[in-house]
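Everything below concerns the one structure shown next.
For the numbers below, each heavy atom of this structure counts, side chains included, while hydrogens, waters and symmetry mates do not. By convention in this document, chain letters (A, B, ...) are assigned in the order of the sequence lines, proteins followed by strands, and residues within each chain are numbered from 1.
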Number of protein chains: 2
Amino acid sequence: MTAYRTARKRDAAATRQALVQAAAGLFAERGYERTTVREIAARAGVNQALLFRYFGSKQSLFEEVVAGESLRHLRETPPESVLETALRGLLAAGTDEQGQRHRALEIFLRSAVGGTATKTGALLSEEYADALAMLTDAEDAALRADLVLAWLLGIGLTRSVVGRGALAGADPDEVCALVLDCARTMLEKLPQNGGR
Amino acid sequence: MTAYRTARKRDAAATRQALVQAAAGLFAERGYERTTVREIAARAGVNQALLFRYFGSKQSLFEEVVAGESLRHLRETPPESVLETALRGLLAAGTDEQGQRHRALEIFLRSAVGGTATKTGALLSEEYADALAMLTDAEDAALRADLVLAWLLGIGLTRSVVGRGALAGADPDEVCALVLDCARTMLEKLPQNGGR
DNA sequence: ACCGGTTGTAAGCGTCTGCTTACAAAAGTA
DNA sequence: TACTTTTGTAAGCAGACGCTTACAACCGGT
């Protein structure tokens, strides 16, 4: 390494984006705290001092990742598909069979536990809960939505962290069927499973 | 501090136990990675070098905490009460209204995400899943049990980490009613809610 | 009284972390 | 060309981390 490479291409925008993308991937894989700025810079193929020039701090970069990539995806999804889309995104974690999927909850659950990234994460989870709460007319809609969202997070946690047991190796379609069926007792406007 | 204190009482067993108890509390509050050996020693009122004399490493101490305190509690609980007991233990997290409650899942969910403590945590979650799987005769019992366990973890995650939203401030009885009702569609042998 | 093993203490080692600084090379402008 | 500004690089700082070491105080047995 560092053999030839007299100089980089001098493209600030490209460097910024490379950092954001590398960070998004690493935050999803390892979480906020376990990802180091040196790793991010290395994956982006960039000197780590640039991370601080462009984003100021690791925390600010995290916020940009969540606000940019994650919230955009969510807002483009209609409420009644949020559950299934998020669930399938979570079930596909690790296997990058889809180029661009809902990585938001993955990033959140891997990062939130630490505590540093909580403020940004809380905002994200609130948006998900709000979307889910539109699927019921019950007066405790907010609580029901939170419970369903909690289920999503728990499934992601069990899958990607424990990585063992029946859930880890289960067929996504089967999991979807069970979960959606069960969730319909809490959110009555949830559509039938599309099959897919 | 450190004013008089010529010497400690020289009681190895008490020191060990003080370390285990302090560690259990801190692991439940902050998780494995965010808890430092210096904090554990400080809360135990003990020199941090003793942690290494008695346990060898932070990881070994963690294993002793999980194997000792947590698994014992679980094994003393009949399968049909595991869900409600664990759920209520999780809902009581933070508020130490009960002196000794099911802290196991709390420790697990706060520690597992990091990754280091995964091996020990996986064993713990397997025991929970096995207990829950006894509550259904469906052929996908293991998957159903994992999904319910995932829900528990997700609820604990949302409650203790996000700390905002409807779930965080909800009445434990209300949450129990909703969750147990819904879980009964997956685990048919689950008893009716005891009211309590 | 003395000695060997146990328990507690103070200091620090090596490494990793987020972040900063000083500087060199490229691009824009005249 | 000469200059300023922008982009990239190398080196390192201060603090925290898990863990180790050298040593002092206490204890029981002889």
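Among the atoms of the strands shown, none is found under 4.0 Å from any heavy atom of F55(A).
In this structure, E76(B) places its CD atom where more than 12 heavy-atom neighbours from other residues, nucleotides or ligands lie under 6.0 Å away.
Between the R110(A) side chain and the E29(A) main chain, a donor and an acceptor come within less than 3.5 Å of each other. Using a distance-only test at 3.5 Å, with no hydrogens or angles considered, a donor-acceptor pair links the side chain of T158(B) to the main chain of G154(B). A donor-acceptor contact shorter than 3.5 Å links the side chain of K58(A) to the backbone of T35(A).
The existence of a salt bridge linking R88(A) and D173(A) is confirmed by a sub-4.0 Å separation between a basic side-chain nitrogen and an acidic carboxylate oxygen.
For the pair Y54(B) and dG8(C), the criterion of a side-chain N or O lying under 4.0 Å from OP1 or OP2 is met. A close approach under 4.0 Å does not occur between any side-chain nitrogen or oxygen of T15(B) and OP1 or OP2 of dT7(C).
Rounded to an integer number of Å, the gap from R16(A) CZ to dG8(D) C1' is 16 Å. One can place CG of L50(A) at 15 Å from C1' of dA11(D), the figure rounded to the nearest angstrom. Rounded to an integer number of Å, the gap from R34(A) CZ to dC17(D) P is 16 Å. For I40(A) and dC19(C), the CD1 to P distance is 10 Å, given to the nearest whole Å. For the pair F52(A) CZ and dT20(C) C1', the interatomic distance rounds to 9 Å; values are reported in whole Å. Distance L51(B) CG to dT7(C) P: 16 Å, rounded to the nearest Å. When the C1' atom of dA26(C) is taken as reference, atom CG of N47(A) falls 16 Å away, rounded to whole Å. Distance, K58(B) NZ to dT20(D) P: 15 Å, rounded to whole Å.
Set against dT7(D), dG5(C), dT20(C), the side chain of R10(B) has dG5(C) as its closest nucleotide.
Of the two residues contacting DNA chain C, namely A13(B) and R38(B), the nearest-nucleotide position lying further toward the 5' end is that of A13(B). Mapped onto DNA chain C by nearest heavy atom, V37(A) and A49(B) fall at different nucleotides, with A49(B) at the one closer to the 5' end. Residues R53(B) and S57(B) both approach DNA chain D. Their nearest nucleotides, taken by heavy-atom distance, put S57(B) toward the 5′ side.
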